[in-house]
Amino acid sequence: MTLSRTPVSQADALQALVTKLRSDLGLSEPRCYFSLSPFVPPKIPRAGDYVIAVSPGASTFPEEEQHTALCIEHQFVSTTIYTRVELDPVDKAEQLLLETTRGLYQVKRLVMKSLVGADLLHQGQPFLAQLLRLESAQEPNYDQQKRIAWLELVWRMTFHHDLTS
C-alpha cells in the first residue's frame, strides 16, 4: 500500500528515524547515532549500557514510481544494537542475549516496538509512502577483545523525493 505524502529529502528521512528511536527509547545522541557501517563496534564503558548505530544502506527506485516531478525511494537502513554485559563466563552468552535491560534480545524488542509499522514525521507531518517495514535480523555477533556483542536489524523506509526544485 502506497500512502500519498509530502516529499522529503533522504537526510530528513534518516533524521526522523533516529529522532523516533531516541525519543521512544530515551536515548541521548551518543547512544543513538549515525554510522556509515553497521559493523564498527563503538567504545562502550565497562559498566556501559547499549547503543544503537543507524546506517543507511542500498536503495531501490521502482521504475513505475519514477516521474518527472516525483520519485519513490526504498531505502534500506540498518539499526545495529551494541551491548556489553560482563556477567557471563567467557564461553557463555546467556546474559548478553537475555539480560532484561540491555541484553540483545530485550533491546531488539524495544527497537522493534518503536519502529515496526511506524509512520515517521518531518516538521510534524507524516511523510512515509509506506509504513516502516522490518526486512531482516542478522545473527548476534561478539568481539572477544572489546567484549561487545551486536545484532543488526534491516529496515525498509519508503519515501517520495520532490524533483521539482
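Everything quoted here is computed from the prediction, not taken from an experiment. Just so it is clear, the values below take in all heavy atoms, side chains as well, and ignore hydrogens, waters and symmetry mates.
- Using a 4.5 Å heavy-atom threshold, the side chains of Phe159 and Pro7 count as separate.
- Summarising the local packing, CD of Glu64 is surrounded by more than 12 heavy atoms from other residues, nucleotides or ligands at distances under 6.0 Å.
- Using a distance-only test at 3.5 Å, with no hydrogens or angles considered, a donor-acceptor pair links the side chain of Thr19 to the main chain of Gln15.
- The side chain to side chain donor-acceptor pair (under 3.5 Å) test with Glu73 singles out one residue from His160, Gln66, His161, and that residue is His161.
- Side chain of Asp119 to backbone of Gly117: no donor-acceptor contact under 3.5 angstrom is found.
- Arg22 and Ser28 get closest at one heavy-atom pair: NE-O, 4.3 Å.
- Heavy-atom minimum distance, Ile72 versus Phe61: O-CD2, 3.6 Å.
- Minimum interatomic distance between Val51 and Pro30 (heavy atoms only, all atoms of both residues): CG1-O, 4.2 Å.
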**Request:** Tell me, with the steps shown, if Lys108 and Leu104 meet side chain to side chain contact (heavy atoms under 4.5 Å, CB included).
**Result:** CA-CA 6 Å; Lys108 175 184 173 184; Leu104 283 176; over 6 Å; no
**Message:** Between Gln138 and Ser78, is the side chain to side chain contact (heavy atoms under 4.5 Å, CB included) condition met? List the steps.
**Reply:** CA-CA 10 Å; Gln138 304 301 318; Ser78 293; over 6 Å; no
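- Counted by atom type alone, His74 and Thr158 present one or more donor-acceptor pairs between their side chains at under 3.5 Å.
- Linking ILVMFWY residues whenever their side-chain heavy atoms come closer than 4.5 Å, directly or via other members, places Leu21 and Phe34 in the same cluster.
- With contacts defined as side-chain heavy-atom distances shorter than 4.5 Å, the pair Tyr50/Leu25 qualifies.
- With respect to Arg133 and Glu135, a salt bridge is recorded, a charged nitrogen being found less than 4.0 Å from a carboxylate O.
- Following chains of ILVMFWY side-chain contacts shorter than 4.5 Å, one cannot reach Val154 starting from Tyr105, and the two form parts of different hydrophobic clusters.
- Placement of Val8 and Leu70 in two distinct hydrophobic clusters is found when ILVMFWY residues are connected by side-chain heavy-atom separations under 4.5 Å, directly or transitively.
- For Ser114 against Asp24, the heavy-atom pair with the smallest separation is OG-OD2, 2.8 Å.
- Side-chain atoms of Leu120 and Phe127, non-hydrogen and from C-beta on, do get closer than 4.5 Å to each other.
- Taking the side chain as every heavy atom from C-beta outward, Leu14 and Pro56 approach each other to under 4.5 Å.
- Residues Leu163 and Cys71 come closest through the heavy atom pair CD1-CB, 3.8 Å.
- Cluster membership check: Phe76 does not share its hydrophobic cluster with Ile81, using side-chain heavy-atom separations under 4.5 Å among Ile, Leu, Val, Met, Phe, Trp and Tyr.
- For the atom pair OG1 of Thr60 and CD of Glu65, the computed distance is 9.0 Å after rounding to the nearest 0.5 Å.
- Tracing side-chain contacts under 4.5 Å through hydrophobic residues (I, L, V, M, F, W, Y), one reaches Val116 starting from Leu128; they form part of the same cluster.
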**Derivation of the side-chain hydrogen bond (donor to acceptor under 3.5 Å, both in side chains) call for Gln125 and Thr6** = CA-CA 8 Å; Gln125 298 298 315; Thr6 304; 5.9 Å; no
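- The shortest side-chain heavy-atom distance between Leu27 and Ile52 falls under the 4.5 Å cut-off.
- Side-chain atoms of Ser55 and Val77, non-hydrogen and from C-beta on, never get closer than 4.5 Å to each other.
- Here the side chain of Gln75 pairs a donor or acceptor atom with the backbone of Gly57 at under 3.5 angstrom.
- Of the inter-residue distances, the one linking Trp150 atom CH2 with Asp143 atom CG reads 5.0 Å to the nearest 0.5 angstrom.
- Contact check for Thr80 versus Leu151: no side-chain heavy atoms found under the 4.5 Å cut-off.
- In this structure, Leu153 and Val111 have side chains that are in contact, with non-hydrogen atoms separated by less than 4.5 Å.
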**Request:** Please lay out, stage by stage, how Arg156 and Gln130 fare under the test side chain to side chain contact (heavy atoms under 4.5 Å, CB included).
**Result:** CA-CA 9 Å; Arg156 185 171 76 177; Gln130 296 175 353; 3.1 Å; yes
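- Between the side chains of Trp155 and Thr79, at least one donor-acceptor pair of N or O atoms lies under 3.5 Å.
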